[in-house]
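Here is the structure we will look at, set down as structure tokens.
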Amino acid sequence: MKIKEICEKLNAEVQVAGDPEREVTQAVAGDLLSFIMGTAAEGSAWVTIQAHLNVAAVAVLKDMPLIILASGRKAPRDLEERCTAENICVACVAESIFRTCSRLSELGIEG
Amino acid sequence: MAAPVCLEYRIEGNNFMTAGTASNNIKNTLKMLGIQSEVCRRAAVIAYEAEINLVIHANGGILKAVISEDRLEITAKDEGPGIPDIEQAMTEGYTTASNQAREMGFGAGMGLPNIKRNSDLFEIESTPGEGTMLKSTVFFNK
Ligand SMILES: Nc1ncnc2c1ncn2[C@@H]1O[C@H](COP(=O)(O)OP(=O)(O)OP(=O)(O)O)[C@@H](O)[C@H]1O
Ligand SMILES: [Mg+2]
């Protein structure tokens, strides 16, 4: 599914647009950076409540085009700027990681 | 490729904000050199975890990548506190990360295991009070 469609279906507030047309088929969830580094498939969406600059470093290295910040988290300025520079979409949702993942699953995104 | 390509970075200790820059640089250089994407992926994990360990555990150090005809060698060298028990440090889940680091999502105790899993050759040497030297090799076309 296209990133922009995912954002619409999740009712997300898009903080950084990134590459809205890019297709995403998989997602990963978690707040431990090395866990994500070790387990995420390239090209995945990443659902997390971590909202700081190092999240972008991991997303860039794992080529993850979509960061979904759950539970009402917002990207601080530096994270927003880095994601803009790297063409990574940052989408903010009010719902929890759990709810967000179950919604993604309903949309056919694989875990 | 005639001469090996050498990249060297001085990694600043405890600076979470620039952490990841050197590893990203290494990954981009590998891509630019046309190295297989599988190797780039593995290199990204190795370089990142080694870099972060320099930042959070070692008061900084030197991260080096040498790309030669058949392999990539990544070395991380520091003069930090060292690791008293390497076997323990290599155990998934073991961490001594500070609370501040953990709040940011570091400290899963998965960095060294991630490096080992992605390496073809892996070496780590450490002397408490003197520092740590980690070397990881990835072969091309294997
Ligand atoms: N360069 C280093 N100098 C001193 N101690 C280190 C160094 N690298 C690793 N260690 C020790 O080994 C432990 C395990 O390292 P590892 O990278 O596997 O996990 P972590 O850094 O604690 O957490 P994570 O990498 O998952 O964020 C560390 O908690 C630390 O005690
Ligand atoms: Mg680590």
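Each chain gets a letter, A, B and so on, in the order the sequences are listed, and its residues count up from 1. Basis for what follows: all heavy atoms, side chains included, without hydrogens, waters or symmetry-related copies.
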> Among the clusters formed by ILVMFWY side chains lying less than 4.5 Å apart, do A/Val14 and A/Ile49 turn up in the same one?
Replying inline: no

> Between A/Val28 and A/Leu107, is there a shared hydrophobic cluster once you connect ILVMFWY residues whose side-chain heavy atoms come closer than 4.5 Å?
Replying inline: no

> For the residue pair B/Phe106 and A/Leu32, what are the closest heavy atoms and their distance?
Replying inline: O-CD2, 4.4 Å

> Do other residues, nucleotides or ligands put more than 12 heavy atoms under 6.0 Å from the CD atom of B/Gln88?
Replying inline: yes

>> Quick test of your reading: applying ring-ring contact (aromatic ring centres under 6.0 Å, His included), list the pairs with at least one residue in residues 5-62 of chain A, sequence neighbours left out, ordered by first then second residue.
In response: none

> Which heavy-atom pair separates A/Leu53 from B/Met17 by the least distance, and what is that distance?
Replying inline: CD2-O, 3.1 Å

>> Does B/Glu87, at its CD atom, have more than 12 non-hydrogen atoms belonging to other residues, nucleotides or ligands within less than 6.0 Å?
In response: no

> Donor-acceptor pair, B/Asn114 side chain versus A/Ser34 backbone, under 3.5 Å?
Replying inline: yes

>> Same cluster or not: A/Leu69 versus A/Ile97, using hydrophobic residues (I, L, V, M, F, W, Y) connected whenever any side-chain heavy atoms lie under 4.5 Å apart?
In response: no

> Does atom NZ of A/Lys62 have more than 12 heavy-atom neighbours, drawn from other residues, nucleotides or ligands, at distances under 6.0 Å?
Replying inline: yes

>> Would you say that more than 12 heavy atoms from the other residues, nucleotides or ligands in this model lie under 6.0 Å from the CD of A/Glu42, or not?
In response: yes

>> Tell me whether B/Lys27 at atom NZ has more than 12 heavy atoms from other residues, nucleotides or ligands lying less than 6.0 Å away.
In response: yes

>> Is A/Leu33 close to chain B through its backbone or its side chain, or both, or neither, when contacts mean heavy atoms under 4.5 Å?
In response: both

> Which atoms form the tightest heavy-atom contact between B/Ala44 and A/Leu61, and what is the distance?
Replying inline: CB-CD2, 3.6 Å

>> Less than 4.5 Å to any heavy atom of chain A: does that hold for the side chain of B/Glu103, its backbone, both, or neither?
In response: backbone

> If you count heavy-atom pairs under 4.5 Å between each of B/Cys40, B/Ala108, B/Gly20 and chain A, which one has the most?
Replying inline: B/Ala108

>> Does anything in residues 71-87 of chain A reach chain B? List residues with heavy atoms under 4.5 Å apart, or say none.
In response: A/Asp78, A/Arg82, A/Glu86

